[in-house]
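To keep things clear, I will list the structure first and then write my remarks on it.
These numbers come from a predicted model, not from an experiment.
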Amino acid sequence: PLAARLVDAGVPVMGHVGLQPQSVNRTGGFTTQGKDAASADAVIDDAVSMAQAGVYAIVLEKIPLELAQFITSKIAVPTIGIGSGLHCDGQVLVVHDALGFTEGFHPKHAKQYLSFATTARAALGEYVADVREGRFPAESHGVHASAELQSHLRAKR
């Protein structure tokens, strides 16, 4: 009902079904949603209701691949998958997961294209060493005062 009211008021709405990170404390954590018949039906009903309300697309987050395929075939609006497989109309990947901002846990549904955490740790280690050993900052990293300002500062001594 809220989506329908927003759409009627001219607000573009993107729906979201399945895992909703803002509600993980209420839904049992970052777990796959719609794994049994009853919860799958609830996800389907939500997606269909949102499509009928006029949303322009629906995010299908962390639901079984077959459920995502079923929903994508059943509704007329595009589906955007995150952790819901290849049968969605589009895909989204959290940039922190794609670029490897964290070490340790990596979501199963995410593909890591870079290990930023490793690269960042090495770069920051170089920075710390440069500061400790007096290589940074160098004179070239600063801006010299104008001759007028230098004269003014000398006169204040």
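Counting all heavy atoms, side chain and backbone alike, His109 lies closest to Gly83 at CB-CA, 3.1 Å. In plain terms, the two heavy atoms of Ile58 and Ala47 that are nearest each other are CD1-O, 3.3 Å. Residues Ala3 and Val55 share a closest heavy-atom pair of CB-CG1, 4.2 Å. Residue Ile80 comes nearest to Cys88 through the heavy atom pair C-CB, 4.3 Å, listed as atom of the first residue, atom of the second, then distance. Minimum interatomic distance between Ala51 and Val77 (heavy atoms only, all atoms of both residues): CB-CG2, 4.1 Å. Shortest non-hydrogen contact noted between Gly15 and Met50 is CA-SD, 3.3 Å.
Under the 4.5 Å side-chain contact rule for hydrophobic residues, Tyr56 and Val59 share a cluster. Val95 and Tyr113 are members of different hydrophobic clusters when ILVMFWY side chains are connected at heavy-atom separations under 4.5 Å. At a threshold of 4.5 Å between side-chain heavy atoms, the hydrophobic network of Ile, Leu, Val, Met, Phe, Trp and Tyr places Phe70 and Leu65 in two separate groups. Under a hydrophobic-cluster definition in which Ile, Leu, Val, Met, Phe, Trp and Tyr are linked whenever side-chain heavy atoms come within less than 4.5 Å, directly or via other members, Val11 and Leu2 are assigned to the same cluster.
The CZ atom of Phe101 sits 13.0 Å away from atom NE2 of His106, with the distance rounded to the nearest 0.5 Å. The OG1 atom of Thr102 lies 8.5 Å from the NE2 atom of His96; values are rounded to the nearest 0.5 Å. Atom CZ of Arg154 and atom CD of Gln150 lie 6.0 Å apart (nearest 0.5 Å). Here Leu60 contributes atom CG and Leu67 contributes atom CG; the two are 7.5 Å apart, rounded to the nearest 0.5 Å. We find the CZ-OG1 distance between Arg121 and Thr118 to be 6.5 Å, quoted to the nearest 0.5 Å.
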#### Entry: Verdict with reasoning, Arg5 to Asp8, per side-chain contact (heavy atoms from CB on, under 4.5 Å)
CA-CA 5 Å; Arg5 288 196 310 270; Asp8 288 345; 5.7 Å; no
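Between the side chains of Glu139 and His144, at least one donor N or O sits under 3.5 Å from an acceptor N or O.
For the pair Gln33 (side chain) and Ala40 (backbone), a donor-acceptor distance under 3.5 Å is absent. Under the 3.5 Å distance criterion, the side-chain polar atoms of His16 are matched with a main-chain donor or acceptor of Leu19. In this structure, the side chain of Thr79 engages the main chain of Asp89 through a donor-acceptor pair within 3.5 Å. Side-chain N or O atoms of Glu61 include none that pairs as donor or acceptor with a backbone N or O of Ile82 at under 3.5 Å. Side-chain N or O atoms of Ser84 include none that pairs as donor or acceptor with a backbone N or O of Ala68 at under 3.5 Å. For Ser49 (side chain) and Asp45 (main-chain N/O), a donor-acceptor pair under 3.5 Å exists by modelled atom type.
The shortest distance between side-chain heavy atoms of Ile71 and Ile63 falls below 4.5 Å.
Of the residues listed (Leu93, Asp97, Val94), the one engaging Pro107 in a side chain to side chain contact (heavy atoms under 4.5 Å, CB included) is Asp97, and it is the only one.
Under a cut-off of 6.0 angstrom, the local environment of CZ in Arg135 is crowded, with over 12 non-hydrogen atoms contributed by other residues, nucleotides or ligands.
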